[in-house]
Amino acid sequence: MKHHSDICIVGAGIGGLTCATQLATSPLSNSLCIRVFDLNASVGGRILSRKLDGGEITELGAARYSPQLHPRFQALMHCFQHQHEAYPFTQAIFQDNVQGKLKTTLLSLLSMLEAHPHDSFLDFVSQYQGEDEARKIIKAMGYDALLLPIVSASMAYSIIKMHPETQGLIDDASNQWRYAPDGYGQLLARLQCQAQAGRVEFRMEHRLLSISRCGDRYVLTFRHKGNTQIHRTRHLILAIPPSAMTRLNLGFPTNWSPCQYGSLPLFKGFLTFNSAWWRDCQLADKVLVVNNPLRKIYFKSEKYVQFYTDGENANYWRDCLDQGEDVYLNRVRACMEQVLPLGGKPLPSIKDHFHKHWPHGVEFSLKSTADQPNALLLRDGVIACSDAYTSHGGWMEGGLLSAHQAIQLMLEQLTSASKNRA
């Protein structure tokens, strides 16, 4: 087995796969040895599809996209003729019928944004509503990240606009939303096949430990199934998020960027039942935003019930699981019975369940700037690619944007290397 390559890509999420497929077909690199490494057993990164017993595909990671907000991802879906359907959860039901109040408040404060360019969203709303009321208003929207000090008022309005469940609160219905009924995992598998057709090799279950420089090559140390492996490469793209970059010996982010990066934990829980009892509650294909740790409960036709949380609530459910499956399920049941119109009856028995906790589900720059590059370049030539470096942090579109910039940087390196050899 060869332990050297011309181009090495670490990370097989949507960014790394895009880099691999594009470089495999570029005249500058299609004759080179390209290898992709990833710590997981399959490609996808934070895109993770799972099939239910009935054949329905659920997404434990990225779940929806907007053609208007995410044109590159829309083009990718079109390129592969990957089936899409309208995303059903664009009209949220808010606990205690607070939607009207939320909408009135947010629209009335919209004209005040320019006067508060540096205020956090919480401070901004507090100045007009008082802090206690501001916290209630923000928490009622179901996205606890809006309470973070790093989320400015203008950023918060952008987040509200860019999520299907909340865009109606500011009278913005310009963004359509879609999802892939066949799953995004299948889409990325097709990207992998395209790369393999271009002779790109994939090596899975390889955890990158360190990187050093030896002459004109980078020396990468991996851990693979209990063994240490050394791999050498002339060119290197790190298609991994900032949280993974900080664990390497690369001085990230100090040596790479003036920006600092943060992340937000996410938790998705899925429940299946013997019957779609929620139809009798008029909740099919609707999302209920509630003021308990479930936060957002999605009722998918007659298929399943899903809840989605971020921040402290995501870690709350992780901690529940640490205490055992029974503790977790009992608390899920209690929270659902607290907010659902069950007429005093207990929640029907749960047939099956599964879940996913993402410690760094959304990664982003703490301070985005207009001139911030979509991919980072270390002085010695290592390229870093992640949605977190773009204005679409946390979305598949960001991964594609960053990959496009990473490819351009790599092609510039290959062009320079070709001239030097000549």
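The first residue in the sequence is number 1, and the count goes up from there.
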(message) Ignoring hydrogens, what is the shortest heavy-atom contact between T309 and P293? Give both atom names and the distance.
(response) CG2-O, 3.0 Å

(message) Can you confirm if the aromatic rings of Y389 and Y261 lie within a centre distance of less than 6.0 Å?
(response) yes

(message) To the closest 0.5 Å, what do you measure between CG (D6) and CG (L236)?
(response) 13.0 Å

(message) Quick one, I7 and C33 - any side-chain contact, counting heavy atoms below 4.5 Å?
(response) no

(request) To the nearest 0.5 angstrom, please state how far the CD1 atom of I137 sits from the CZ atom of R135. (result) 12.5 Å

(message) Under a 3.5 Å threshold, yes or no: a donor from one side chain and an acceptor from the other, between S386 and S402?
(response) no

(message) Distance check, rounded to the nearest 0.5 Å: Q167 atom CD versus I159 atom CD1?
(response) 14.5 Å

(request) With rounding to the nearest 0.5 Å, note down the distance linking NZ in K300 to OH in Y179. (result) 3.5 Å

(request) Begin with the C-alpha distance, continue with both residues' side-chain angles, and end with the deciding distance and a verdict on side-chain contact (heavy atoms from CB on, under 4.5 Å) for L106 and Y157. (result) CA-CA 9 Å; L106 290 170; Y157 273 86; 3.9 Å; yes

(message) Within this structure, what is the CE-CG distance for the pair M141 and L147, rounded to the nearest 0.5 Å?
(response) 8.5 Å

(request) Using the side-chain hydrogen bond (donor to acceptor under 3.5 Å, both in side chains) rule, take R178 and Q74 through it: C-alpha gap first, then chi angles, then the decisive distance, then the call. (result) CA-CA 9 Å; R178 296 176 178 175; Q74 163 74 2; 3.2 Å; yes

(message) For Y328 and F307, take the angle between the two ring planes, folded into 0 to 90°, and tell me which bin it lands in: parallel under 30, tilted 30 to 60, perpendicular over 60.
(response) tilted

(message) Is the shortest side-chain heavy-atom distance between F273 and S349 below 4.5 Å?
(response) no

(message) Test of understanding: with side-chain hydrogen bond (donor to acceptor under 3.5 Å, both in side chains), list the residues that count as partners of Q22, not counting sequence neighbours.
(response) none

(message) Is it true that R64 and Y87 share a donor-acceptor pair across their side chains at a distance under 3.5 Å?
(response) yes

(request) Go through the side-chain N and O atoms of H353 and E325 and say whether any donor and acceptor fall under 3.5 Å apart. (result) yes

(request) Evaluate the side-chain hydrogen bond (donor to acceptor under 3.5 Å, both in side chains) criterion for residues E363 and S243: first the C-alpha distance (whole Å), next the side-chain angles of each, then the deciding distance (0.1 Å), finally the verdict. (result) CA-CA 8 Å; E363 307 216 21; S243 58; 2.5 Å; yes

(request) Look at the rings of H206 and F222 and say which category their plane angle falls in: under 30° parallel, 30 to 60° tilted, over 60° perpendicular. (result) perpendicular

(message) Can a donor-acceptor pair be found, under 3.5 Å and without considering hydrogens, that links the side chain of S29 to the backbone of L32?
(response) no

(message) Would you compute the distance between atom CZ of R318 and atom NE2 of H357 and round it to the nearest 0.5 angstrom?
(response) 5.0 Å

(message) salt bridge (Lys or Arg N to Asp or Glu O under 4.0 Å), that's the test. Do R203 and D38 meet it? Break it down for me.
(response) CA-CA 7 Å; R203 296 189 179 175; D38 195 274; over 6 Å; no

(request) Would you check if the distance from the ring center of Y218 to the ring center of H231 is below 6.0 Å? (result) no

(request) Check the pair L76, R72 against side-chain contact (heavy atoms from CB on, under 4.5 Å), reporting the backbone distance first and the verdict last. (result) CA-CA 6 Å; L76 180 65; R72 288 183 183 274; over 6 Å; no

(request) With the side chain counted from C-beta on, respond yes when Q260 and P253 share a heavy-atom pair under 4.5 Å apart, and no when they do not. (result) yes

(message) I'd like to know if the side chain of E302 pairs up with that of W278 as donor and acceptor (distance under 3.5 Å, no hydrogens or angles considered).
(response) no

(message) Under 3.5 Å, is there a donor on one side chain and an acceptor on the other for T228 and R223?
(response) yes

(message) Students often mix this up, so state it plainly: with edges at 30° and 60°, are the rings of F73 and Y65 parallel, tilted or perpendicular?
(response) perpendicular

(request) Measure the shortest side-chain to side-chain distance between T25 and N30 over non-hydrogen atoms and say whether it is less than 4.5 angstrom. (result) no

(request) Evaluate the ring planes of Y143 and H163, with Trp represented by its six-membered ring, and classify them as parallel (under 30°), tilted (30 to 60°) or perpendicular (over 60°). (result) tilted

(request) May I ask you to test the C259-Q372 pair for a side-chain heavy-atom distance under 4.5 Å? (result) yes

(message) Can a donor-acceptor pair be found, under 3.5 Å and without considering hydrogens, that links the side chain of Q68 to the backbone of Q176?
(response) yes

(request) Just say parallel, tilted or perpendicular for the rings of F124 and F121, cut-offs at 30° and 60°. (result) parallel

(message) Determine whether a donor-acceptor pair (N or O, by modelled atom type, separation under 3.5 Å) exists between the side chain of N292 and the backbone of L294.
(response) yes

(request) Find out whether V10 and L39 are in side-chain contact, i.e. whether some heavy atom of one side chain is under 4.5 Å from a heavy atom of the other. (result) no

(request) Applying side chain to side chain contact (heavy atoms under 4.5 Å, CB included), name anything that partners T272, two or more places apart in sequence or on another chain. (result) L52, Y304, K351, D352

(message) Would R50 and F270 count as a cation-pi pair here, with the cationic atom under 6.0 angstrom from the ring centre and within 45° of the axis?
(response) no

(message) Check D387 with R46, please: is the shortest side-chain N to carboxylate O separation under 4.0 Å?
(response) yes

(request) Measure the shortest side-chain to side-chain distance between L23 and I237 over non-hydrogen atoms and say whether it is less than 4.5 angstrom. (result) yes

(message) Is it the case that the ring center of W395 lies less than 6.0 angstrom away from the ring center of H70?
(response) yes

(request) Begin from the C-alpha positions of Q229 and H224 and carry the test side-chain hydrogen bond (donor to acceptor under 3.5 Å, both in side chains) through to its verdict. (result) CA-CA 7 Å; Q229 292 186 359; H224 174 62; 4.7 Å; no

